[in-house]
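Written out below as structure tokens is the structure these notes cover.
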Amino acid sequence: MQTDNVQPPVTNLPEAGAVSHSTQQDNPARDFARAFFRHRSAVIGSVLVLIFIILAILAPVITPYDYTEPSADALAAPSAEHWFGTDDLGRDIFTRIVYGSRISLWVGFISIAGSIVVGSLLGLLAGYYGKWQDTLISRLFDIMLAFPSILLAIAIVAMLGPGLNNALIAIAIINIPTFGRLMRSRVLSVKVEDFVLAARAIGMKNSRILWHHILPNCWTPIMVQGTLSFATAVIEVAALGFLGLGAQPPDPEWGTMLSDARDYLQLAPWTMVFPGVAIMITVLGFNLLGDGLRDIFDPRMKQ
Amino acid sequence: MLAYTARRLLMLIPVLLGMSLIVFAVVHAIPGDPAKTIAGDKATPEQLQEIRKNLGLDQPVYIQYFKYLQALLQGDLGTSLVNKTKISEEIGPFLAATAELSFVAIAIALFFGINLGILSTWRQNSWLDYGSMFIALIGVSIPIFWLGLMEQWLFAQELGWFPSNGRLDPRMEYEPITYFYIIDALLFGDMAMLGDVLKHILLPAIALGTIPMAIIARMTRSSMLEVMRSDYVRTARAKGISEFLVIYKHTLKNAMIPILTVVGLQLGLLLGGAVLTETIFSWPGVGRYIYDAINSRDYPVIQSGILVLAFIFVMINLIVDLLYAWIDPRIQYGKE
Amino acid sequence: MKKRLWLVSLIAIFIFSSVLVGCVEKKSAGTGKNDKTLIYGRGEDAKLLDPSLVTDGESTKVTDQIFDNLVEYADGSTDVVPSLAESWEASEDAKVWTFKLRKDVKFHDGTPFNAEAVVFNFERWADKNHPQHKGGDFPYYAYMFGGYKGDPGHKIKSVTAVDEFTVKFELTSPQAPFLQNLAMSAFGIASPTAVKKDPIAFTRNPVGSGPFKLKEWKKNDTITLVKNENFWRKGEPKLDKVIFKVIPDNSARFTALKSGDVDIIDGLNPTDVAPAEKDSKLQVFKQVGMNVGYLAFNTEKKPFDNPKVRQAFNHAVNKEALIKNFYSGLAKPAINPMPEFMLGYNKNVKDYEFDLDKAKQLLAEAGYADGLEVEFFAMTAPRPYMPDGKKIAEYIQADLAKIGVKAKIVTHDWQIYLDKTGKGEHQMALFGWNGDNGDPDNFLYVLLDKDNTRMPDAANIALYKNDELHDLLIKAQELSDEKQRAELYMKAQEIIKRDAPWVPIAHATVPYAAKKEVIGFKTHPTTELSLEKVDFAQ
């Protein structure tokens, strides 16, 4: 970590987190935007992510069908009428995928937001106070990371009962240590920066230092990791759905659709193909975006 | 070095203790009644009460925990509630099945990952680079259970090239020695069996190896690029050594350390994360063993199974760290 | 650094090769190529191989091959025919039963089979203080014979060896399905020598007198049985070896059959039946099931405490469509709680027809003209009587929406499902039953009598309590005249229909598929599996 940044960075702006560049420009936002649009994978990633957000929001406008109502036209092959075919209850698969994007995006967002809040808080405590708090929290993270995460998630869902919200909680829990550790290491490096030492020297309260000086300088890697973890969360919720532990019928969750489709693999492969592709593209979008953001914020990685 | 190892080992104790507590708490918070699993749908309330008593499930939870811990410290992993077998006696073959699958998956991942990474560094910023990295990106983005199903559909069902499930054609009966079927086949010198085992392992190993493959490819690329900028590679190039040698001999070897770290980490993850792959390919591994135990509320199996996996994960990490420190003495044995 | 890397690799190679050298001791690999081996693909592994301890069908599929009972079911029905007992007679009051045993039977370990062996087995199951009453709780014994020795309801007063090959049972009161009970998988006669040696180890190394003996058990993977050369029924079994192979997913199992990895499978998806029938290399066996899949209302909770609401829901379930879509037509719509071929089935009971208008009207009469909201429990695990509970629930949910009922589907894995329904936490729940001894009592009393509403383990999950019904069912238990029993059960079905504690949905046909060259395979209504006559063509 470079420590040549002497000016106390501005708070609250996203670009303020970029402690590691010493920017000379007046407008860091414009700088960020320029870097962002020059970065190919960031652009592609954000386009993919945007498409899915738009699908999620505009679902009722995009498709004329209902995602729950069974029809007589079961297991119909893809056609002009049903682009992706229909499932075993005769429901339009395209419609279900479009509505399914709502579930995936929602679960991804809430669960990752949850693990960011809890993880950051723990990481902040551990990193800033050190001592026994650090030992306790760090060991807790060690323990959590050592568990096979999917089994832990399955056990948590078994404990809480299957359902989308409980799957979401399980995913949030298993992602906590990732953010906690990240936050901790970030805090450890920021807290020896001059501006923090200066704030301490003038007798500023711990809470104020934490909120106003340290936290704002830790956001960038958290946001980057958040984007990448979003991708993982989408896969995790699909995996739990596939095992029957996630979304409940008739919710069109992608993993649940895959597990339903499994029985019809011989008769109707399209029931299997499209939900999988939807998961893959969404995850790809978030991965590209996350990679792009990391490259931009951490120029050492940029080639 | 010795002190470092000792300290790392000491640090394991609270971690393992904490793990046992968390696992125990989670497992016992799972609703459902193991007595019902044992007695079945047709049991009478009296029978169920009797079973609960016999299993010690009517005691306070903290007493159950201390009893569990006490047994654990004596090396007793407990006895399955469902089939009354000692877990330490039956978990071995499941672990071996998962380990074999994970090793093969990692081998595949290493081969393709490193070569993809090299391909992209070799012609940096060319379509080869983008192509390789795109494959790597797909690799981390694809849901592996879906990939497994697709493989099964295409290669097992439509083309019939590979079997869709299991470790070995059941007609090929044999007495396992190591429970690593590949090793056993080699020990017997039985090529037909080896072929059959490899055919069975290929599809699930590819599915399982996809994510590590992608991660290794990206890791290889970035660490190779770093090494390539170093002085001695420039010198080597300047001396006119062939590009092939520069890449495979001078650069790759130095780029290997971070790659090996990734491999260690991924191996640990695979050992515990193969539930879905094992389910899809009917692989009799430890992931499914625990998953089935969760479904039948077989508390001791869930507890000890997860603990064993976590223990292996921690040990692999420790070994990787120690090796790392030993191979590259520049790394300090200091605090974290 | 370079040196160290080398050293590490060297050490690794050294360790690996020393492990190899240490192990090389070749044992028999491969196998006689001319052996007739049947591979049976199924969804789950056995739990234990002592049939008296288990309740799951996957275990008894295997133990049926290893053990014999005193009597067994005839092909295709639950009539009882001789097995280890050659003949039997009952006393006038049906309380004393005397069995003459076969004299030419030996257990797999060479122990001769005789009256003492029978007495030993029954005492082991019945007596909690018996030294070998271990390894589990013998649930079926208690269930079928009213508890254990000393319990007030225990039916078997004594089992005694009259001479070496004669056994006498004394009952406390007559039991109509006594012989049927003896034929159940759970009461396979085990070798006393083997049990006495170690009753716990016996659960993994069973010793019976049946057509096959256990060779090897690879958990969660395969169980290998080999021919019992000294089987008492001459000329059987035809096969040299049977391997039970676990393939959890239904479609993957079917794929394995098509690609020849296995020879016969059960748990075929209904949707795969038609493709299997069309396949010239395969054959399909369909067994009319002794089962029922139903939707139970919790009659103690609002709104289902009102029979009008239950009747309304009965009118809103389209059984024909459910059977067409989710059973692929492989089921009969259920009108009564038990299938048609059983004793005392009432053909005159009229079903509530599918009629949404009528349903709506009944709801309005019950005071729910503006609709209502309910929780709807559905199981995720495929059951033989209900291949896809979740989908069935979704379909019913859509029809209910049309009569103004908003049903929220709740799923749980099977263990929790049993737990929650047993405690009556549901409002309405999909459920089902596999009959196991072919007696109507096994359906009507178990599933709908007030005796079985005790929580937390209610088998009557509708919590339906009707004293009139209770009197009929208890009376039928103690009669031995079939005609009189049939009349009582007919009356019972009328009462049940009127009160509508359930929507009986379907009696599912149980499909099996096998390669064409498999011959001699017969299915059985109890889904007991018998492989001794199975062979390969040519």
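By convention in this document, chain letters (A, B, ...) are assigned in the order of the sequence lines, proteins followed by strands, and residues within each chain are numbered from 1.
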> Between B/Ile306 and A/Pro148, is any pair of side-chain heavy atoms under 4.5 Å apart?
Replying inline: yes

>> Run the side-chain contact (heavy atoms from CB on, under 4.5 Å) test on B/Tyr291 and A/Leu243 for me, step by step, so that the C-alpha distance in whole Å, both residues' side-chain angles and the decisive distance to 0.1 Å come before the verdict.
In response: CA-CA 10 Å; B/Tyr291 178 63; A/Leu243 292 171; 3.7 Å; yes

> B/Leu16 versus chain A, heavy atoms under 4.5 Å apart: side chain, backbone, both or neither?
Replying inline: neither

>> If I compare all heavy atoms of A/Ala239 with all of B/Leu276, which pair ends up nearest, and what's the gap?
In response: CB-CD1, 3.5 Å

> Any side-chain heavy atom of A/Leu258 sitting closer than 4.5 Å to one from B/Trp146?
Replying inline: yes

>> Other residues, nucleotides and ligands only: do more than 12 of their heavy atoms fall within 6.0 Å of CZ on A/Phe109?
In response: no

> Of all heavy-atom pairs between A/Ile143 and B/Pro14, which one has the smallest distance, and what is that distance?
Replying inline: CD1-O, 4.4 Å

> Among A/Ser149, A/Pro275, A/Pro269, A/Gly255, which residue forms the greatest number of heavy-atom pairs with chain B at distances under 4.5 Å?
Replying inline: A/Pro269

> Does any heavy atom of chain A fall under 4.5 Å from the side chain of B/Met150, the backbone, both, or neither of them?
Replying inline: side chain

>> As an exercise: rank A/Met159, A/Arg40, A/Glu236, A/Met144 by heavy-atom pairs under 4.5 Å with chain B and give me the winner.
In response: A/Met159

>> Is there a side-chain contact between B/Leu309 and A/Phe147 in this structure, where contact means two heavy atoms from C-beta onward sitting under 4.5 Å apart?
In response: no

> For chain A, which residues from residues 134-142 of chain B have at least one heavy atom closer than 4.5 Å to it?
Replying inline: B/Phe134, B/Leu137, B/Ile138, B/Val140, B/Ser141, B/Ile142

> Side chain, backbone, both or neither: which part of A/Ala231 has a heavy atom under 4.5 Å from chain B?
Replying inline: neither

> Distance from B/Leu269 atom CG to A/Ile150 atom CD1, nearest 0.5 Å?
Replying inline: 12.0 Å

> Tell me, side chain or backbone of A/Val234 under 4.5 Å from chain B's heavy atoms, or both, or neither?
Replying inline: neither

>> If you count heavy-atom pairs within less than 4.5 Å of chain A, which of B/His28, B/Met19, B/Arg218 leads?
In response: B/Met19

> Which atoms form the tightest heavy-atom contact between B/Ile294 and A/Ala158, and what is the distance?
Replying inline: CG2-CB, 3.8 Å

>> Counting only non-hydrogen atoms closer than 4.5 Å, does B/Gln152 touch chain A with its backbone (N, CA, C, O), its side chain (CB onward), both, or neither?
In response: side chain

> Can you say whether B/Val15 sits under 4.5 Å from chain A via the side chain, the backbone, both, or neither, judging by heavy atoms?
Replying inline: both

> Looking at A/Thr232, A/Leu160, A/Val277, which has the largest count of heavy-atom pairs under 4.5 Å with chain B?
Replying inline: A/Val277

> B/Leu149 and A/Arg262: which non-hydrogen atoms are nearest, and at how many Å?
Replying inline: CD2-NE, 3.3 Å

> Are there more than 12 heavy atoms of other residues, nucleotides or ligands under 6.0 Å from atom OH of B/Tyr130?
Replying inline: yes

> What part of A/Leu140 lies closer than 4.5 angstrom to a heavy atom of chain B: side chain, backbone, both or neither?
Replying inline: side chain

> Side-chain contact, heavy-atom cut-off 4.5 Å: B/Trp153 with A/Met272?
Replying inline: no

> What pair of heavy atoms forms the shortest contact from B/Gly287 to A/Leu151, and how long is it?
Replying inline: O-CD2, 4.1 Å

>> Heavy-atom pairs under 4.5 Å with chain A: which of B/Ile280, B/Leu147, B/Ile302 has the most?
In response: B/Ile280

> So what's closer than 4.5 Å to chain B heavy atoms on A/Val157: side chain, backbone, both or neither?
Replying inline: neither

